[in-house]
Number of protein chains: 2
Amino acid sequence: MKSPSQPRDRGIPEATVARLPLYLRALHGMAERGIATVSSEDLAGAAGVNSAKLRKDLSHLGSYGTRGVGYEVEYLVYQISRELGLTQDWAVAIVGVGNLGRALANYGGFVSRGFRVAALVDADPEVVGDTIAGLNVEHIDDLEAVIARRGVSIVVLAIPAAAAQKVCDRVIAVGVTSILNFAPVVLSVPDGVDVRKVDLSIELQILAFHEQRKAGGPLMAVDSQ
Amino acid sequence: MKSPSQPRDRGIPEATVARLPLYLRALHGMAERGIATVSSEDLAGAAGVNSAKLRKDLSHLGSYGTRGVGYEVEYLVYQISRELGLTQDWAVAIVGVGNLGRALANYGGFVSRGFRVAALVDADPEVVGDTIAGLNVEHIDDLEAVIARRGVSIVVLAIPAAAAQKVCDRVIAVGVTSILNFAPVVLSVPDGVDVRKVDLSIELQILAFHEQRKAGGPLMAVDSQ
DNA sequence: ATCCCTTTGTGAACCGATGCACAAAGTCGC
DNA sequence: GCGACTTTGTGCATCGGTTCACAAAGGGAT
């Protein structure tokens, strides 16, 4: 026989990984409202995806549903959390405590489960030493020491584009392999380092493209009345 | 004969649209450094993509290169800008001037070209009437009037998850069809409305997944020495 | 004017992701 | 214990996107 609930495939598709947090959030909401089991149809609805896609996504983790019934909410929360690595605590350092860095540090929600802001770092002597969100702001010169001391494994870059590559190189040099970049610049990193980018400007430009398209296209080839 | 440099295909792939802002940024940098022409190889390098992909992307806009030479930087900047709709000015309203909303309002860079923060709105009477980034904060009750008066066509939601759907519905009701959502919630919108989502928590969770994977997987099935 | 060199634009194979549709598997009522 | 019903898990067709590889196109030298 085989043990019934084992993650089968070590290779989970990237598209699936990107949706797991969505499912997890929906499940947390259901758990809080006391819902014990949920069908793929309902969960897919809450997460805004197709139910077949949801089932296929979950099937990559293992066979955690019961046919005729659905998925047990608490159990699925645990399995997804474990798969995403949220059963452990990740220490996050935020580099740059300008407007954005401050917002991130104070944004309690984003560090809800599994993540902990462990350090704030900035280059401006004016803010070094300040306390933001209960944390002391340390100097960028001590970046490497801070990362080592606090056990930081994920670094968030909330600094100007011009400074991003240099800081990126420094944190990689001391072993960081996960970076969330808010600076509007393409970081070049060696293999094995993951960079995820959040770029407000790009998102707005994509919206503008579609908005313009709705309004009649760039040439405004009006055949409307 | 045919006019040589006409956008040929009105259906530009979504993946291409998402990369055009990247190319545009790289081109702006080159223009500032006085570079007149650029090859697909060099531009692709600056944007961090494969050169064949870049050529195929640009070919969707038209035939704007010269074989044996490359692309004229200024001309390409204009063509991409036009395609993205950045030759016109988009009025953006930011709803919610908490930490994040404030950061966005002050973040000059993201409203660089084509975009203009035209209104700030919040529900907290404490901040309504304040001036942030040179703009008066208006009350959420006047949301519809503000959108109409300022000609807002893109709305940025920087509010708590619980309030997002309601505000979303209201702006859609007065004709807004482009929304950039920072609230950690799946918005449901009618067809024809574009929502783009920026979710810090999800990005971190994806990083955590890969970080854990590097460290040996969720089961820590160590067969290493 | 011709040849060689560079670089674009694209046909075609490939790859991953999506969604339909259904068999397999389980529950519940009687 | 059995049959009807529900819902999962997945095979398969399809689709969009990526990458390779090369013919076509243009520039510059001689």
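Every chain is numbered from 1, with letters handed out A, B, ... down the list of sequences. Since this is a predicted model, take the numbers as computed values, not measurements.
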A/L20 has an atom CG; how far is it from atom P of C/dA17, in whole Å?
-> 13 Å
OP1 or OP2 of C/dG26 less than 4.0 angstrom from a side-chain nitrogen or oxygen of A/T66, does that happen here?
-> no
Does OP1 or OP2 of D/dA21 have a side-chain N or O of B/R55 closer than 4.0 Å?
-> no
Non-hydrogen side-chain atoms of A/I179 and A/I154 separated by less than 4.5 Å = no
Closest listed nucleotide, where the reference is the side chain of A/R67 and the choices are C/dG9, D/dT7, D/dA21 = D/dT7
Can you tell me how far P of C/dT10 sits from CG of B/D57, to the nearest Å?
-> 13 Å
Selection from D/dG17, D/dG26, D/dT18 that lies nearest to any side-chain heavy atom of B/K53 = D/dT18
Is the backbone of A/E83 close enough, under 3.5 Å, to the side chain of B/Q212 for a donor and an acceptor to pair up by distance?
-> yes
Under 4.0 Å between a side-chain N or O of A/Y71 and OP1 or OP2 of C/dG26?
-> no
B/N50 side chain, from C-beta outward: closest of D/dT19, C/dT8, C/dG26 = D/dT19
In whole Å, what is the span from the CG atom of A/L54 to the P atom of D/dT8?
-> 8 Å
For the side chain of A/E14, starting at C-beta, report the closest nucleotide among D/dG9, D/dT18, C/dA17.
-> C/dA17
Atom-to-atom span, CD1 of A/I12 to C1' of C/dG16 - whole angstrom | 15 Å
Return the value, rounded to whole Å, for the distance between atom CG of A/L61 and atom P of D/dT8.
-> 15 Å
State whether B/K56 places a side-chain N or O below 4.0 Å from either non-bridging phosphate oxygen (OP1 or OP2) of C/dT10.
-> no
Provide, to the nearest angstrom, the distance between the NE2 atom belonging to A/H60 and the P atom belonging to D/dT10.
-> 9 Å
Salt bridge between A/D199 and B/R25, side-chain N to carboxylate O under 4.0 Å?
-> yes
Give the rounded distance in Å between these two atoms: CG of B/L76 and P of C/dT8.
-> 11 Å
Upstream residue (5' side of DNA chain C) when A/P13 and B/V38 are each assigned their closest nucleotide | B/V38
According to a strict under-4.0 Å criterion, is A/S39 in side-chain N/O contact with OP1 or OP2 of D/dT7?
-> no
Would you mind reading off the distance between B/L58 atom CG and D/dT18 atom P, rounded to a whole angstrom?
-> 14 Å
Are the aromatic ring centres of A/Y64 and A/Y71 under 6.0 angstrom apart?
-> no
Hey, does the side chain of A/S40 come within less than 4.0 Å of D/dT7's phosphate (OP1/OP2), counting only N and O?
-> no
Under 3.5 Å, side chain of B/S39 to main-chain N/O of B/D42, donor-acceptor pair present?
-> yes
